[in-house]
Amino acid sequence: MSTKKTGKTDYQIYFSTVTRAGGWPFFYSVNYEMPGGPEAAALTKVGSDVDCTGSRYGGCTYHEHVLITPTREVLDRVATTYVPNKVVAWKMRLKGQSGQTMDMFLTPAEVKGMLVAVDAYKAQHNLTQ
């Protein structure tokens, strides 16, 4: 997200999770692959909800919404792993206080495309940060 007045850009990756068994995962951190090895980051809880409609038969469904705020440097390093015509994944594992984990991913192509779009917007509007 780019702030028009300051030119400062904050990046967020939003995760919307759904689990059924075992109750709330309470996701609190993420480990993600980087070219130099795995790195960890804290998650920010955005919201949660539970749906127990029909729980007598299948249990409740737990929804958690969390995000990470990677730096531009992290995103640039991921973007450097982009290879045209090759599908690769930037793998991430959410970790919950309950012991549950959930694997997620983005592609370096998505990250690179987003950075190109942000840079083009900033150049068009003479934003320097």
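One-based numbering along the sequence shown. These numbers were taken from a predicted model, which means no experiment stands behind them.
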W24 with M102, same ILVMFWY side-chain cluster at under 4.5 Å: no
Option from D51, V50, T19 for which side-chain contact (heavy atoms from CB on, under 4.5 Å) with C60 holds: V50
Rounded distance (nearest 0.5 Å) linking atom CD1 of I68 with atom CE of M92: 5.5 Å
Gap separating the OG1 atom of T107 from the NZ atom of K86, nearest 0.5 angstrom: 13.5 Å
Value rounded to 0.5 Å, distance of NZ in K45 from CG in L67: 12.5 Å
Stepwise side-chain contact (heavy atoms from CB on, under 4.5 Å) test for V66 and T44: CA-CA 5 Å; V66 294; T44 300; over 6 Å; no
side-chain contact (heavy atoms from CB on, under 4.5 Å) between L106 and I13, worked out: CA-CA 9 Å; L106 288 172; I13 299 172; 3.9 Å; yes
Cluster check M34, V111: I/L/V/M/F/W/Y, side chain < 4.5 angstrom: yes
Inter-residue atom distance F27.CZ - L94.CG, 0.5 Å rounding: 5.5 Å
CD-OG1 distance between Q12 and T69, expressed to the nearest 0.5 angstrom: 7.0 Å
Residue pair N31, E39: steps toward the side-chain contact (heavy atoms from CB on, under 4.5 Å) verdict: CA-CA 6 Å; N31 290 333; E39 294 185 19; over 6 Å; no
Ion pair check, E33 and R93, cut-off under 4.0 Å: no
By ring-ring contact (aromatic ring centres under 6.0 Å, His included) - contacts of Y32 (at least two apart): W90
Full working for side chain to side chain donor-acceptor pair (under 3.5 Å) between Y11 and R72: CA-CA 7 Å; Y11 300 93; R72 173 65 188 241; 3.0 Å; yes
Steps toward side-chain contact (heavy atoms from CB on, under 4.5 Å) verdict (K112, L115): CA-CA 5 Å; K112 186 175 180 95; L115 294 176; 5.8 Å; no
Closest non-hydrogen atom pair between R20 and G59, with its separation: NH2-O, 3.6 Å
Side-chain donor/acceptor of T17 to backbone N/O of E64, under 3.5 Å: yes
OH (Y28) with more than 12 external heavy atoms under 6.0 Å: yes
Single-linkage hydrophobic cluster, 4.5 Å side-chain cutoff, V78 and L43 together: yes
Side chain to side chain donor-acceptor pair (under 3.5 Å) partners for S16, two or more places apart: H65
Single-linkage hydrophobic cluster, 4.5 Å side-chain cutoff, V88 and M114 together: no
